[in-house]
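Residue numbering restarts at 1 for every chain, and letters A, B, ... go by the order of the sequence lines. Quick caveat: nothing in here was measured; it's all calculated off a predicted structure.
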2 protein chains.
Amino acid sequence: MVSQLPPLQAIRVFEAAARHASFTKAAGELGMTQAAVSYQIKLLEERVGAPLFLRKPRQVTLTEAGQRLAPSITEAFGIISEAYAAARTGAEGVLCVTTILTFASNWLARHLGAFQIEHPNLAVRLDTSTRLIDFAREDVDVAIRAGPGNWPGLTKHFLFKADFTPMLSPKLAESIGGLKEPADLLRLPVLDPGDYWWKEWFTAAGLPTDSLESRPRNSLGAQAYEANAAMAGNGVAILTRALFSAELADGRLIQPFDLVAWDGNAYWLVYPEARRNVPKIRAFRDWLLTAVEATLGKPEP
Amino acid sequence: MVSQLPPLQAIRVFEAAARHASFTKAAGELGMTQAAVSYQIKLLEERVGAPLFLRKPRQVTLTEAGQRLAPSITEAFGIISEAYAAARTGAEGVLCVTTILTFASNWLARHLGAFQIEHPNLAVRLDTSTRLIDFAREDVDVAIRAGPGNWPGLTKHFLFKADFTPMLSPKLAESIGGLKEPADLLRLPVLDPGDYWWKEWFTAAGLPTDSLESRPRNSLGAQAYEANAAMAGNGVAILTRALFSAELADGRLIQPFDLVAWDGNAYWLVYPEARRNVPKIRAFRDWLLTAVEATLGKPEP
DNA sequence: CATCATACATAAGGTGGCTTTATCCATCAT
DNA sequence: ATGATGGATAAAGCCACCTTATGTATGATG
C-alpha cells in the first residue's frame, strides 16, 4: 500500500525548512544544529534526485520540485500531529476500570462521583467482569482485584483486607431474640453454606463445622447477592466489613460478633508497572487510595 | 505550526503493523526483524501513553486508541508517499537546460526533436539566458556553456571548439568577384569589427589589424545575429564553424578561407558532479554527446 | 571601503537509537 | 505431546545522525 517512503527524518526537516524558508530557523524549531539540517536536506535531495532548495545569498528558496513537495508534506504532518495529539489526549480522556462487582456496587458506586467532580474531563468506563483480566489482551487501564497480591509485572496498592464475619438483618436477629453467641447462628438459615469462609469463621469461633459443606470457591466478588438476601431477612451471610460499612452504619445489616476471620486475601488496585506515570492512572490511584483511607481508615498491608 | 510530532520511525512501523495486524508481517514489509517492530511499537505506546495493540494469543489487534490513530497515519503516509513519488518522477519528467542563444538556435533547434522522440516522457525546458548560471541558485539541470572549461565541482563534457573564421553570403562574395586572399575581406563591410576574434584571425592570416578597434568582448553566444546579417549580404561575419555547418552546407554562407583561428575556448555540456547519475541528466548527456559527434565528428578536447 | 554579522556548506568525530541475534514464552494445530 | 507460529525481552553491535569546528559568500554598517 504505502509504496516507497522517503527517509522520514529528512522529510520532517525539509518540512520545517520549507516553512521557515531558512535552515537555521528550522534547526531552531527542531532543536538541532544548522549543520544537521543542511545534512538532511542534502540527503533528501539526493533521494529525490533533484535540488529542493535554491541557495541564494542570505536565504534559501524552494525549487519547483520543492514547491510541489512542501505543501503535501505539511498537510501530512498536520494530520499525523493531530491524530497523535488526539490519541494522547484521547487516551487521557477515558479511564477504563475493571472491578469486581461487589466493589463496584458497594464502594465505587457511592464514591466515584467525587472523583468525577475532581476530574471533570476524565470519563470513567466501568467494567464489572468477574474474570481475571490480562492487561496485555484487554483494553483496560486499571483493575481492582481481590487476591493474595502476587502479580508479577503489575503495580499493586493494598486497599483493604478481604476479611469476613457474619451479618444479618436486625429483624432476623430479633426473630430469635437476639444473638448472644456464635452458636446461635445455627438456629438461622445460612446463606451459601458451602462457602469455605463459613468453615473458617466457625473454626475461629471454636464451633464444629459438620453442618457445612465445604466448597472450594468463595464469595469474593459476588457478595452483593448474598448481602441483599441477608438484608431482606432471608438468612445470615458472611461478608467483608469494608464493603458493607454503609449498611452496617445505617442498620440495614448488623454484625452480631466482633470476631472477624481472614484468609489472607485482600482487595488491591492494580495496573501495569510501565504505566504508573500515565496521568489518568496516577490521578485515579491518588484519589482512590485517599478515598479508601478516608472511609475505611489507614490500610494495613 | 506542526506542534508535537511523535517519533516518525515508530509511526511508520505502527502504520505497517496496524495494516497487517501482525508484527511479523510488518517486519517483513519494512525489511527488519520482528524484534525491531516490537521495540518500536512499545516505544510509541510509551509516548502515546496508552497501549495501541492488544496482544491476543496468535495475533495482535488495535486497541481503541490504536484504532483512532491508525487511519490518520495511513492517510498521512499516503499523502507523503504520493508527493514524494511525484517529486521523484516530476523531477524526472522535466529537464531544464540553459544554453547560449547561438547553440540553441543553431544546433539544438535542429536536433532536439530527435531527443524528444527518444524520450517521449521527458519534457525539455530551454532557457537561453546569456549570463553564467550557478546551479546552486538557479533551478536548472544542465547547462551548455562556452569558455575555457575550468569550473570546479562541475562535470563537463567537451562538445566542440569555439573556433572562428570569416563567413559571408555567396552573393556578397560575387559582388567583388570572389575572394582570393584574406586581404580581399578588407574591401567588404566587416560585421562587428570590434570583436577581438577579427584581430586574432587577421593576425593569424598575416594581415595588419590597424583598421579594427579591439574591444574586450567577443561574440560567444550572440553569433546568431551577425550570422543573419551576413546571410542577408550585409557584410562578413566571423563565426564558429560547428554552429553554422548547416548554413555552410546548403550555401547560405560560405567560408572563403581554410584558415580557422582558435583562442582556447570551447563549448561544454556542464552539470553538477553530484547529479551525474540522475537518469534524465544521464539521458541528455548520452544523447547530446552522440548527436554532436554524429554531426560534427569526433570531438578533440 | 574595511569590518562585522548572517546564513549555508563541509569535514571530522562521537554517540545513542535502532537493529539484529538469541532466547523464552504462550498458544494453537497435529 | 510435539512442533509451529507469533510476540516479548535482553544483550550487543553498528551506523545514521548529530555536534563541533571551520570555511565561504554576501549583505550590512560605520
Side-chain angles (χ1 to χ4, degrees), chain A residues 5-14 16-47 51-63 66 132 134-138 152-154 272-275, chain B residues 5-14 16-47 51-63 66 132-138 151-154 272-275:
Chain A
L5 277 176
L8 290 177
Q9 184 59 11
I11 286 283
R12 153 188 263 163
V13 171
F14 166 75
R19 201 149 27 75
H20 290 289
S22 156
F23 289 8
T24 305
K25 292 212 187 77
E29 172 181 319
L30 299 171
M32 52 200 228
T33 57
Q34 169 269 323
V37 173
S38 183
Y39 171 89
Q40 294 288 357
I41 298 291
K42 187 174 202 176
L43 196 88
L44 186 59
E45 285 179 328
E46 269 162 24
R47 289 296 196 90
L52 297 170
F53 286 96
L54 298 175
R55 276 70 168 180
K56 307 270 184 62
R58 318 233 319 178
Q59 60 174 338
V60 288
T61 326
L62 286 168
T63 63
L132 269 189
D134 179 341
F135 289 102
R137 6 191 131 169
E138 306 196 35
L154 300 179
E273 245 164 44
R275 301 193 65 204
Chain B
L5 279 175
L8 289 177
Q9 184 60 10
I11 286 283
R12 153 188 265 162
V13 171
F14 166 74
R19 201 150 27 74
H20 290 289
S22 157
F23 290 8
T24 305
K25 292 211 188 78
E29 171 181 319
L30 299 171
M32 52 199 227
T33 56
Q34 169 268 325
V37 173
S38 181
Y39 171 89
Q40 295 288 357
I41 298 291
K42 187 175 203 177
L43 196 89
L44 186 59
E45 286 178 327
E46 269 161 23
R47 290 295 196 91
L52 297 170
F53 286 96
L54 297 175
R55 276 71 169 180
K56 306 269 185 63
R58 316 226 327 172
Q59 60 175 338
V60 288
T61 325
L62 287 168
T63 62
L132 271 188
I133 73 104
D134 178 342
F135 289 101
R137 2 189 136 171
E138 305 194 38
W151 300 288
L154 300 179
E273 245 165 42
R275 302 193 65 206

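In this structure, Ser38(A) does not reach the dC8(C) phosphate: none of its side-chain N or O atoms is under 4.0 Å from OP1 or OP2. For Arg137(A) and dT27(C), the shortest distance from a side-chain N or O to OP1 or OP2 is below 4.0 Å.
Regarding Phe135(A), its CZ atom lies at a distance of 18 Å from the P atom of dA26(C), rounded to whole Å. A straight line from CD of Gln40(B) to C1' of dC18(C) spans 6 Å, rounded to a whole angstrom. Separating the CZ atom of Arg55(A) from the P atom of dC8(C) is a distance of 9 Å, rounded to the nearest angstrom. As a whole-Å value, the separation of Asp134(B) CG from dC8(C) P is 16 Å. Between Leu44(B) atom CG and dG17(C) atom P the separation is 16 Å, expressed in whole Å. Atom pair His20(A):NE2 and dC8(C):C1' shows a separation of 16 Å (rounding to whole Å applied). Atom-to-atom, CD of Gln34(B) to P of dC25(C) comes out at 16 Å; the value is rounded to the nearest Å. Rounding to whole angstrom units, NZ of residue Lys56(B) and C1' of dC28(C) are separated by 16 Å.
Between the CG atom of Leu154(B) and the CZ atom of Phe135(B) there is a distance of 6.0 Å, given to the nearest 0.5 Å. Rounding to the nearest 0.5 Å places CG of Leu62(B) at 8.0 Å from CG of Leu52(B). Note that the NZ atom of Lys25(A) and the CZ atom of Arg19(A) stand 12.0 Å from one another [nearest 0.5 Å].
With a cutoff of under 4.0 Å to any heavy atom of chain A, the contacted region of DNA chain D is bounded 5' to 3' by dC17(D) to dG27(D).
Comparing dT19(C), dC18(C), dC8(C) by their closest approach to the side chain of Ser22(A) singles out dC8(C). Listed nucleotides: dC8(C), dG17(C), dA22(C). Nearest to the side chain of Phe23(A): dC8(C). When each of dC8(C), dT19(C), dT20(C) is scored by its nearest atom to the side-chain atoms of Gln9(B), the top-ranked nucleotide is dT19(C).
When side chains are defined from C-beta on, Leu43(B) does not count as touching Gln9(B), because their heavy atoms never get closer than 4.5 Å. Side-chain atoms of Arg12(A) and Leu8(A), non-hydrogen and from C-beta on, never get closer than 4.5 Å to each other.
Between Phe23(A) and the choices Arg55(A), Gln59(A), Gln40(A), the side chain to side chain contact (heavy atoms under 4.5 Å, CB included) rule is met once, by Arg55(A).
Of the residues near DNA chain D, Tyr39(B) and Lys25(B), the one whose nearest nucleotide (by heavy atom distance) lies more toward the 5' end is Lys25(B).
Backbone-only engagement by Val60(A) is indicated by non-hydrogen atom pairs under 4.0 Å involving sugar-phosphate atoms exclusively. Counting non-hydrogen atoms under 4.0 angstrom, Thr24(A) reaches the backbone sugars and phosphates but no base.
Of all heavy-atom pairs spanning Phe14(B) and Gly66(B), the tightest one is CZ-O, 3.8 Å.
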